[in-house]
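Right, one structure below, let's go through it.
Hydrogens, waters and symmetry mates are skipped; everything else that's a heavy atom, side chains included, is used. Index from 1, following the sequence.
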Amino acid sequence: MTVPSRLARPRDDRWIAGVCSGLARRFGLSSNVVRLIFVISCLLPGPQFLIYLALWIVLPQER
């Protein structure tokens, strides 16, 4: 699997907005691992959910 040159939300392998899947593809990880890391990180204090919403708005969709 090749690493894409830019960060984008894919049209397939989405659960909500494709942010975790896009991050996983960009860094060569499993999308389920990134989703699990995100859910576990939401248990800690911090702006994780706001960062997810910002990435949803900022990241373009894959063509």
Side-chain angles (χ1 to χ4, degrees):
M1 180 170 150
T2 63
V3 176
S5 61
R6 65 183 201 130
L7 187 58
R9 294 182 297 124
R11 293 190 181 269
D12 60 341
D13 192 27
R14 286 185 172 191
W15 280 15
I16 298 175
V19 173
C20 290
S21 180
L23 288 170
R25 285 186 182 185
R26 174 63 180 98
F27 296 108
L29 301 169
S30 167
S31 56
N32 288 329
V33 169
V34 175
R35 289 179 186 122
L36 181 64
I37 290 169
F38 173 72
V39 169
I40 290 171
S41 75
C42 284
L43 299 174
L44 302 171
Q48 295 87 337
F49 188 71
L50 294 176
I51 291 171
Y52 186 90
L53 289 176
L55 287 173
W56 187 352
I57 293 168
V58 172
L59 290 180
Q61 285 191 16
E62 221 174 39
R63 294 181 184 203

#### Entry: Partner set under side chain to side chain contact (heavy atoms under 4.5 Å, CB included) for A54, not counting sequence neighbours
none
Quick one: side chains of residues 40-51, donor-acceptor pairs under 3.5 Å with protein atoms, not counting sequence neighbours, listed by atom name and distance.
unit_1, atom_1, unit_2, atom_2, d
S41, OG, I37, O, 3.4
S41, OG, F38, O, 2.7
Q48, NE2, S41, O, 2.7

### Task
Enter the distance from L36:CG to C20:SG here, rounded to the nearest 0.5 Å.
10.0 Å
### Query
At what distance, to the nearest 0.5 angstrom, does CZ of R25 lie from OG of S31?
8.0 Å
### Task
Only pairs at least two apart or in different chains count here, so list each salt bridge (Lys or Arg N to Asp or Glu O under 4.0 Å) that has a residue in residues 34-50.
D13-R35
### Query
Hey, does W15 have a side-chain heavy atom less than 4.5 Å from the side chain of S21?
no
### Summary
In short, salt bridge (Lys or Arg N to Asp or Glu O under 4.0 Å) pairs touching residues 44-56 with sequence neighbours left out are none
### Query
How would you list, by chain and number, every residue that makes a side-chain hydrogen bond (donor to acceptor under 3.5 Å, both in side chains) with Q61, sequence neighbours excluded?
R11
### Message
Between F27 and V34, is there a side-chain heavy-atom distance shorter than 4.5 Å?
### Response
no
#### Entry: R9 CZ to I16 CD1 distance, which is reported to the nearest 0.5 Å
12.0 Å
### Query
Considering all heavy atoms of both residues, which atom of A17 and which atom of Y52 are nearest to each other, and what is their separation?
N-OH, 3.5 Å
### Message
If the condition is side chain to side chain contact (heavy atoms under 4.5 Å, CB included), which residues does I57 pass it with, not counting sequence neighbours?
### Response
none
### Message
Quick check: is V33 connected to L55 through a chain of hydrophobic side chains (ILVMFWY, heavy atoms under 4.5 Å apart)?
### Response
no
### Donor-acceptor under 3.5 Å (R26 side chain, L7 main chain)
no
### Task
Specify the closest pair of heavy atoms between P10 and G18, including all atoms of both residues, with the distance to one decimal.
CD-O, 3.6 Å
